[in-house]
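Everything below concerns the one structure shown next.
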Amino acid sequence: MSKILFYIFCLSLLVTSCVPTQDLIYLQNKENASQSAAVAQVNNKPYRLQTNDVLTINIKSLDPKLTEIFNLSAQSQQMTTTDALYINGYIVDDHGAIRIPVLGEVTVIGNTVEEARIKIETQLMDEYFKKEAELFVTVKLAGFRYTVNGEVLSPGTKILFQDRVNVLEAVANSGDITITGDRKDVKVMRQFPHGLEIYSIDLTDVNALKSPYFYLQPNDYIYVKPLKQKSWGTGKTGVESLATILSILTLATTTILLFNR
């Protein structure tokens with residue numbers, strides 16, 4: 001009976017210490033496995049500018065000399081590093097404004113990037129340019145910045161040069177979640193004017209595509225917590241767990257033999 005109980009204990013330890021395959025697969029159709037899941041259109045609200053955002057602004061006209069003062073020098077434009085974008089970009093200050101040559105302070109906090117572009121272009125046309133100048137203004141975020149921490153291969157702050165980034169892209173850009181990372185409870189922390197909000201996303205469920213947090217916003221913080229298997233230290237796979245159990249048995253057998261001498 002003692003041997004049976006021992007074998008049952010070893011088997012249960014082997015099973016519970018392994019990470020199930022279902023916990024590793026992304027976007028599973030859990031509600032109806034017999035049919036392919038339809039991907040719903042995600043409600044991706046436009047991002048509204050906040051303090052400490054960095055903007056790149058480019059102003060053009062038929063006569064380049066008229067807009068030269070507003071733009072970066074040719075040497076600065078050739079610099080594409082994130083440090084150069086931060087140094088030469090327009091930072092939204094604590095009052096929600098950016099300082100543009102000649103125009104002075106322009107309040108952009110709470111505006112979308114497109115709304116900020118229209119505001120700058122309208123002010124330039126009203127105060128400094130005529131219609132014949134054919135003014136052309138572009139406003140963009142100086143890179144999409146976010147932070148990933150926890151059970152990923154490459155944690156840290158990342159910057160992507162694109163307008164839209166979803167959680168799966170962010171995770172992939174960080175080397176993917178490790179085997180001991182909890183894909184069912186990925187935390188997304190987002191700063192709002194009223195405070196910080198934390199949302200949980202189950203990346204193993206296809207319904208994650210419907211989440212309002214599936215698409216990130218600049219300065220989001222993503223945290224992937226570890227599974228309980230990591231703290232147990234018994235191994236991530238069946239082979240590792242079996243090797244751990246065999247090591248324990250070998251150590252126990254050796255200890256018993258030494259004491260019986």
Side-chain angles (χ1 to χ4, degrees), residues 18-50 52-56 80-82 85-86 112-114 140-192 195-231 235-237 240:
C18 300
V19 179
T21 305
Q22 296 298 316
D23 291 349
L24 302 176
I25 301 175
Y26 294 111
L27 304 180
Q28 302 171 58
N29 185 11
K30 297 182 178 182
E31 294 180 355
N32 189 355
S34 62
Q35 298 179 4
S36 59
V39 179
Q41 184 176 0
V42 180
N43 183 18
N44 184 27
K45 295 181 180 179
Y47 175 66
R48 298 196 172 274
L49 298 173
Q50 302 181 36
N52 297 322
D53 280 339
V54 183
L55 301 176
T56 58
T80 57
T81 64
T82 55
L85 290 172
Y86 178 80
T112 64
V113 173
E114 179 63 15
K140 293 183 178 181
L141 283 167
F144 195 107
R145 182 188 299 266
Y146 62 92
T147 302
V148 183
N149 203 1
E151 292 298 308
V152 292
L153 293 177
S154 177
T157 299
K158 313 290 181 180
I159 298 178
L160 296 179
F161 294 100
Q162 58 192 68
D163 295 331
R164 297 175 63 184
V165 178
N166 62 51
V167 177
L168 290 177
E169 289 176 315
V171 166
N173 194 51
S174 299
D176 202 3
I177 299 174
T178 63
I179 294 180
T180 54
D182 191 352
R183 291 162 173 79
K184 292 184 176 181
D185 188 19
V186 176
K187 303 294 186 184
V188 177
M189 306 179 192
R190 182 169 298 170
Q191 185 68 44
F192 290 95
L196 184 70
E197 288 190 5
I198 302 176
Y199 194 85
S200 177
I201 299 180
D202 181 1
L203 293 181
T204 66
D205 191 345
V206 71
N207 288 317
L209 298 172
K210 303 176 183 177
S211 169
Y213 283 73
F214 180 73
Y215 277 94
L216 301 179
Q217 290 189 2
N219 305 313
D220 277 355
Y221 184 96
I222 304 169
Y223 175 69
V224 182
K225 68 179 184 179
L227 292 168
K228 55 187 178 181
Q229 281 86 346
K230 182 175 182 178
S231 60
K236 301 180 288 294
T237 64
E240 292 181 1

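Keep in mind the model is a prediction, meaning the values are calculated, not measured.
- Here the rule is side-chain hydrogen bond (donor to acceptor under 3.5 Å, both in side chains) with Asn219, and of Asn52, Thr147, Asp53 only Asp53 fits it.
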Apply side-chain contact (heavy atoms from CB on, under 4.5 Å) to Val186 and Ile222, showing your working. CA-CA 7 Å; Val186 176; Ile222 304 169; 3.7 Å; yes
Run the side-chain contact (heavy atoms from CB on, under 4.5 Å) test on Tyr47 and Leu141 for me, step by step, so that the C-alpha distance in whole Å, both residues' side-chain angles and the decisive distance to 0.1 Å come before the verdict. CA-CA 10 Å; Tyr47 175 66; Leu141 283 167; 4.0 Å; yes
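- Here the side chain of Ser211 pairs no donor or acceptor atom with the backbone of Asn207 at under 3.5 angstrom.
- A distance of 10.0 Å separates OG1 in Thr157 from OH in Tyr146, rounded to the nearest 0.5 Å.
- With hydrogens and angles ignored, the 3.5 Å screen pairs a side-chain donor or acceptor of Gln28 with a backbone N or O of Gln22.
- Heavy-atom minimum distance, Thr112 versus Pro46: CG2-CB, 3.9 Å.
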Verify side-chain contact (heavy atoms from CB on, under 4.5 Å) between Tyr213 and Val167, making sure each step is shown before the conclusion. CA-CA 8 Å; Tyr213 283 73; Val167 177; 5.9 Å; no
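- For the pair Leu24 and Arg183, the minimum side-chain heavy-atom distance is below 4.5 Å.
- No donor-acceptor pair closer than 3.5 Å links the side chain of Asp205 to the backbone N or O of Ala208.
- Using a 4.5 Å heavy-atom cutoff, the side chains of Ile25 and Thr204 are not in contact.
- A salt bridge between Asp202 and Lys184 is absent, with no side-chain N of the basic residue lying under 4.0 Å from a carboxylate O of the acidic one.
- For the pair Arg164 and Tyr215, the cation sits on the ring face: its NZ or CZ lies under 6.0 Å from the ring centre, inside 45° of the axis.
- Minimum interatomic distance between Asn29 and Val206 (heavy atoms only, all atoms of both residues): CA-CG1, 4.1 Å.
- Across all non-hydrogen atoms, the minimal contact from Leu203 to Val171 is CD1-CG2, 4.5 Å.
- Listed here is the closest heavy atom pair of Tyr199 and Pro212: OH-CD, 4.4 Å.
- A side-chain donor from one of Tyr26 and Asp176 sits under 3.5 Å from a side-chain acceptor of the other.
- Between the CG atom of Leu227 and the OG1 atom of Thr180 there is a distance of 6.5 Å, given to the nearest 0.5 Å.
- The distance from atom CD of Gln191 to atom CD of Gln217, rounded to the nearest 0.5 Å, is 11.5 Å.
- With rounding to the nearest 0.5 angstrom, the CE atom of Met189 is 6.0 Å from the OH atom of Tyr221.
- Under the 4.5 Å side-chain criterion, counting only non-hydrogen atoms from C-beta, Val188 is not in contact with Phe214.
- Remark: Leu216 CG to Arg145 CZ distance equals 14.5 Å, nearest 0.5 Å.
- Heavy atoms only, all atoms of each residue included: Ser174 and Lys158 are closest at OG-CE, 3.6 Å.
- Across every non-hydrogen atom of Val165 and Ala170, the tightest pair is CG1-N, 4.2 Å.
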